[in-house]
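Worksheet for the structure shown next.
Just so you know, these numbers use all the heavy atoms, side chains as well, and skip hydrogens, waters and symmetry mates. So you know, we letter chains A, B, ... as the sequences are listed, proteins then strands, and number each from 1.
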There are 2 protein chains.
Amino acid sequence: MSPSRPQPQKPTRERILDAAHELMRTLGLSRATTKEIARLAGCSEAALYKHFAGKEDLFVAVLSERLPRLTPLLHRLVLDPGGRTVEQNLTEIARQATLFYAESFPIAASLYAEAKLKSRHDAAMRELGTGPHMPIEGLDSYLRAEQSAGRIAATADTFAAASLLMGACAQRAFAYDPAGTVGAPPPQDVDDFAAALAATLLAGISG
Amino acid sequence: MSPSRPQPQKPTRERILDAAHELMRTLGLSRATTKEIARLAGCSEAALYKHFAGKEDLFVAVLSERLPRLTPLLHRLVLDPGGRTVEQNLTEIARQATLFYAESFPIAASLYAEAKLKSRHDAAMRELGTGPHMPIEGLDSYLRAEQSAGRIAATADTFAAASLLMGACAQRAFAYDPAGTVGAPPPQDVDDFAAALAATLLAGISG
DNA sequence: CGAGGGTGGGTGAGTGCTCACTCACCCGTC
DNA sequence: GACGGGTGAGTGAGCACTCACCCACCCTCG
């Protein structure tokens with residue numbers, strides 16, 4: 001084996017998924033061509049078709065195997081809020097959600113360019129019992145659990161609150177450019193942003 | 001007015017813009033081909049090139065001439081909050097923003113598929129002093145005006161509040177499918193949603 | 001033990017199709 | 001008779017995808 005490579009090589013399938021993921025992020029879905037993917041993965045175009053039925057299949061695989069998941073954190077908090085305050089929990093959720101959306105939003109968004117592909121992906125997500133609405137509903141569940149525990153107001157609209165918090169995190173990926181290469185950079189760092197959202201949501205803004 | 005056609009015909013340029021806009025919404029950006037646009041507009045492909053330098057030009061024109069604007073409402077409220085309560089104003093803002101994003105989000109999102117086109121569009125937006133971050137900042141301005149007027153808490157973080165409200169409205173377009181044709185339909189109608197957001201943001205959720 | 005052959009993973013060289021875009025030409029109006 | 005707005009018929013490029021073929025590996029059986 002060559003001394004420069006610790007592993008002889010990753011399996012080809014993995015290299016293809018990595019390459020496709022990378023190109024989807026950097027070039028956008030429509031310029032992530034089979035030729036480029038194969039080049040970056042270090043194999044032939046024909047090899048792609050040994051592992052995936054077609055380009056659509058490959059992209060669906062990337063979306064479901066490479067994008068991070070947010071639900072585990074929410075689920076954990078529903079089951080066990082831990083010894084932390086609601087504000088601490090909400091801050092952590094906001095932080096994770098902001099990072100999650102910053103990574104996954106550009107790719108998810110580019111599905112809108114290809115309505116066909118989007119509906120296939122939506123179907124796959126529904127099959128798995130997930131989808132873009134799940135973070136909101138997961139947070140809603142967490143808030144209702146805290147409400148039962150008397151840690152947030154009994155009159156609070158938990159769904160509205162969940163929409164506000166998750167929305168702000170997602171919107172940040174859309175309205176601001178994390179890398180700052182193209183659009184306006186976000187005006188504050190993730191930690192401050194998350195803390196401000198949690199505090200504002202809890203306290204409200206009425207005079 | 002004539003029974004079948006009120007106008008003998010719209011100018012070709014307008015018909016092309018309408019056709020392109022329609023196809024971008026329904027088929028997605030990458031299937032909105034010059035051939036389809038010409039067919040729907042009722043002219044030849046070559047005619048497109050008499051009015052626009054190329055497909056990119058056409059799309060940039062659609063984005064800047066067909067997408068609705070949200071800023072006028074915000075601007076009006078900053079200058080004159082009117083005789084209405086903050087909650088009424090925020091509800092109206094949320095309502096308008098939800099409708100705005102439902103219409104413009106799918107198209108704006110599909111720009112992510114074409115990084116080249118996205119940066120051209122971003123540049124055009126910056127030129128016009130606008131962009132996806134403007135609604136947040138416009139709302140922030142409004143909130144600061146209300147804060148000066150003593151109608152919201154002096155300690156409130158207006159930027160966080162603006163991020164929460166606008167984010168929830170934008171996220172709704174992303175997480176739920178307004179037409180209900182593909183994804184999950186939104187769980188409540190726009191008016192209720194807007195009212196719940198405004199109330200929750202004002203009051204907070206702490207116990 | 002060693003020949004035989006099925007099999008999974010790989011390739012280089014196409015193939016046909018669709019795309020954005022062009023060109024020579026046309027026609028009604030000032 | 002110039003000119004703005006329009007056309008039908010291309011054209012070359014780039015795309016997803018296929019095909020015939022290759023080879024290392026392992027299982028099987030004489």
Is the backbone of Q171(A) close enough, under 3.5 Å, to the side chain of Q171(B) for a donor and an acceptor to pair up by distance?
-> no
Given dC19(C), dT7(D), dT11(C), which nucleotide is nearest the side-chain atoms of A47(A)?
-> dT11(C)
Out of dG8(D), dA16(D), dC19(C), which nucleotide sits closest to the side chain of A46(B)?
-> dG8(D)
Quick one: sort the H133(A) and Y176(B) rings into parallel, tilted or perpendicular, breaks at 30° and 60°.
-> tilted
Cation-pi between R172(B) and F193(B): NZ/CZ under 6.0 Å from ring centre and within 45° of the ring axis?
-> yes
Of the nucleotides dC15(D), dT11(C), dG6(D), which one has an atom closest to the side chain of T12(B)?
-> dG6(D)
Integer-rounded Å distance: dG14(D) P and I37(A) CD1 = 17 Å
Rounded interatomic separation in angstrom, taking CG from L48(B) and C1' from dG4(D) = 17 Å
Kindly assign one of parallel, tilted or perpendicular to the pair F174(B) and Y112(A), based on the angle between their ring planes and the thresholds 30° and 60°.
-> tilted
Want to settle it: does H51(B) or G54(A) sit nearer the 5' end of DNA chain D, counting the closest nucleotide to each?
-> H51(B)
Could you tell me the separation between the CG atom of L27(B) and the P atom of dT18(C), rounded to a whole number of Å?
-> 15 Å
Whole-Å distance, K35(B) NZ to dA20(C) C1', equals 11 Å
To the nearest angstrom, how far is E45(A) atom CD from dT11(C) atom C1'?
-> 12 Å
Ranking dG12(C), dA20(C), dG9(C) by distance to the side chain of K55(B), first place goes to dA20(C)
Would you mind reading off the distance between I16(B) atom CD1 and dC21(C) atom P, rounded to a whole angstrom?
-> 14 Å
Tested for side chain to side chain contact (heavy atoms under 4.5 Å, CB included) against C169(B), the lone hit among L99(B), L164(B), V190(B), T98(B) is T98(B)
At under 4.0 Å, does any side-chain N or O of T34(B) touch on OP1 or OP2 of dA20(C)?
-> yes
Options dC17(D), dG9(C), dT11(C), nucleotide nearest the side-chain atoms of Y49(A) = dC17(D)
Quick one: F59(B) CZ to dC19(C) P, roughly how many Å, whole number?
-> 12 Å
Whole-Å distance, F52(A) CZ to dT18(D) C1', equals 18 Å
Taking for each residue the nucleotide of DNA chain D with the nearest heavy atom, is it K50(A) or E56(A) whose nucleotide lies nearer the 5' end?
-> E56(A)
